[in-house]
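Accompanying notes for the structure given below.
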Number of protein chains: 2
Amino acid sequence: MAEDYVEAIAEAISENGICRAVDLVRHFDVTHATVSNTISRLQRDGLVVTEPYQPITLTAKGKRMATKARNRHEVVRTFLLRIGVSETTATEDSEGIEHHVSDETLRAMKRVMKDGIPASD
Amino acid sequence: MAEDYVEAIAEAISENGICRAVDLVRHFDVTHATVSNTISRLQRDGLVVTEPYQPITLTAKGKRMATKARNRHEVVRTFLLRIGVSETTATEDSEGIEHHVSDETLRAMKRVMKDGIPASD
DNA sequence: GAAACAACTTAGCCCGTGCTAAGTTTCGAG
DNA sequence: CTCGAAACTTAGCACGGGCTAAGTTGTTTC
Ligand SMILES: [Mn+2]
Ligand SMILES: [Mn+2]
Ligand SMILES: [Mn+2]
Ligand SMILES: [Mn+2]
């Protein structure tokens with residue numbers, strides 16, 4: 001959850017300069033109330049900073065998480081495409097899978113995309 | 001959640017003949033209270049049948065889900081091993097990843113394990 | 001058969017994530 | 001400058017999934 005939020009916030013900032021709650025409402029297709037609640041939790045956890053009616057910014061910690069999450073998401077998605085999954089499915093599945101992929105598995109995916117499948121021993 | 005539960009119940013039954021709540025308490029490392037609650041929900045959803053102080057059995061629907069989940073879990077785990085991930089990590093990561101893998105992605109994994117990586121176009 | 005122990009249930013609590021409904025703030029037109 | 005619409009907050013609700021504490025049922029063992 002936190003990962004998807006900071007990723008979406010970073011995306012909005014990089015696209016529009018700022019991130020407003022309404023961007024997240026659209027992105028996640030939830031209500032303003034839900035976004036408001038979630039943002040409070042993210043702020044409590046030191047990932048974002050915001051004030052009532054003001055745009056949302058990422059803390060250093062939030063930026064770090066966003067970068068890692070974005071990278072992981074993209075590697076997983078690309079990997080799925082690489083093993084022959086359709087665009088649509090790769091996009092859908094990577095949205096969930098990304099949150100369970102360890103650093104080791106991520107490295108394995110990158111290795112495979114570069115060097116192909118390891119010897120069948 | 002449901003998938004992991006029916007999978008664990010099927011496993012207990014195939015190993016001990018029956019599944020008791022205490023098996024799930026041990027398997028998931030949660031309290032009896034939690035298992036009791038969860039089983040109620042599974043029963044409400046038509047996946048299991050049980051009566052107070054009695055063993056837990058799977059409905060047809062529950063068995064179907066268990067079989068699919070078990071297969072998916074195993075394919076994902078084997079696939080991770082196949083791309084060079086360690087036993088420990090493959091076991092850990094597959095526990096989460098399995099729940100986000102569509103049929104299409106599952107087929108792609110099986111294909112890759114059989115025929116290797118698709119042509120780089 | 002009574003006592004002790006294991007298995008289980010039930011009540012009551014917390015938090016996360018979602019909602020609706022209602023009110024507040026901000027901002028752009030007119 | 002005012003008003004309406006868009007953005008946002010707040011309160012109150014529900015459910016999933018976790019807990020502790022306390023009580024109940026079942027089973028073994030003496
Ligand atoms: Mn993501
Ligand atoms: Mn995601
Ligand atoms: Mn599983
Ligand atoms: Mn699992």
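Chain letters run A, B, ... following the sequence lines, proteins first, then strands; residues in each count from 1.
No hydrogens or angles were tested; on distance alone, a donor-acceptor pair under 3.5 Å links the side chain of Y53(B) to the base of dT24(D).
In this structure, the helix from dG1(C)-dC30(D) to dG30(C)-dC1(D) shows an angle of 0° between the axis at its start and the axis at its end, each fitted on 5 base pairs and rounded to 10°.
Here dA7(C) is the nucleotide among dA7(C), dT20(C), dG16(D) with the atom lying nearest to any side-chain atom of R20(B). Residue V30(A) has its side chain nearest to dC19(C) when only dC8(C), dG18(D), dC19(C) are considered. Closest to the A21(A) side chain, of the nucleotides dA7(C), dC8(D), dT20(C), is dC8(D).
Open room surrounds CZ on R70(B); 12 or fewer heavy atoms of other groups in view lie less than 6.0 Å from it. Other residues, nucleotides and ligands contribute over 12 non-hydrogen atoms within 6.0 Å of the CD atom of E15(A). By the 6.0 Å contact criterion, CZ on R82(A) is enclosed, its count of non-hydrogen atoms from other residues, nucleotides or ligands being greater than 12. Counting non-hydrogen atoms of neighbouring residues, nucleotides and ligands closer than 6.0 angstrom, the CG atom of D115(A) exceeds 12 such neighbours.
Between the P atom of dG16(D) and the CG atom of L47(B) lies a distance of 13 Å, rounded to the nearest Å. Between the CG atom of L42(A) and the C1' atom of dC15(C) there is a distance of 15 Å, given to the nearest Å. A straight line from CG of L24(B) to P of dG18(D) spans 12 Å, rounded to a whole angstrom. As a whole-Å value, the separation of N37(A) CG from dT9(D) C1' is 10 Å. Atom CG in D4(A) sits roughly 15 Å away from atom C1' in dG16(C) (whole-Å rounding). We find that CZ of R41(B) is positioned 9 Å from C1' of dC15(D), with the value rounded to whole Å. Between the C1' atom of dT24(C) and the CD atom of E51(A) lies a distance of 17 Å, rounded to the nearest Å. If you measure from atom CD1 of I39(A) to atom C1' of dT9(D), you get 13 Å, rounded to the nearest angstrom.
Distances shown here put every side-chain N or O of T38(A) at or beyond 4.0 Å from the OP1 or OP2 atom of dT17(C). When the side-chain nitrogen and oxygen atoms of H32(A) are compared with OP1 and OP2 of dA7(D), none of them lie within a distance under 4.0 Å. Proximity of T34(A) to the phosphate of dC19(C): a side-chain N or O atom is located under 4.0 Å from OP1 or OP2. Under 4.0 angstrom from either OP1 or OP2 of dG16(D) there lies at least one side-chain N or O belonging to R44(B). The phosphate of dC8(C) (OP1 or OP2) has no side-chain N or O of S36(B) nearer than 4.0 angstrom.
Nearest approach of I56(A) to R20(A), heavy atoms of both residues: CD1-C, 4.2 Å. Residues D23(B) and I18(B) approach most closely at OD2-O, 4.0 Å, considering heavy atoms.
Taking for each of R26(A) and Q54(B) the nucleotide of DNA chain D with the nearest heavy atom, the 5'-most of the two is the partner of R26(A). If you find the closest nucleotide of DNA chain C to M1(A) and to A33(A), the one lying nearer the 5' end belongs to M1(A).
For the residue pair E104(A) / S86(B), a side-chain donor-acceptor distance below 3.5 Å is found, with atom types taken as modelled.
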Walk me through it: do R77(B) and E87(B) pass the test salt bridge (Lys or Arg N to Asp or Glu O under 4.0 Å)?
CA-CA 9 Å; R77(B) 195 174 148 279; E87(B) 286 274 350; 3.2 Å; yes
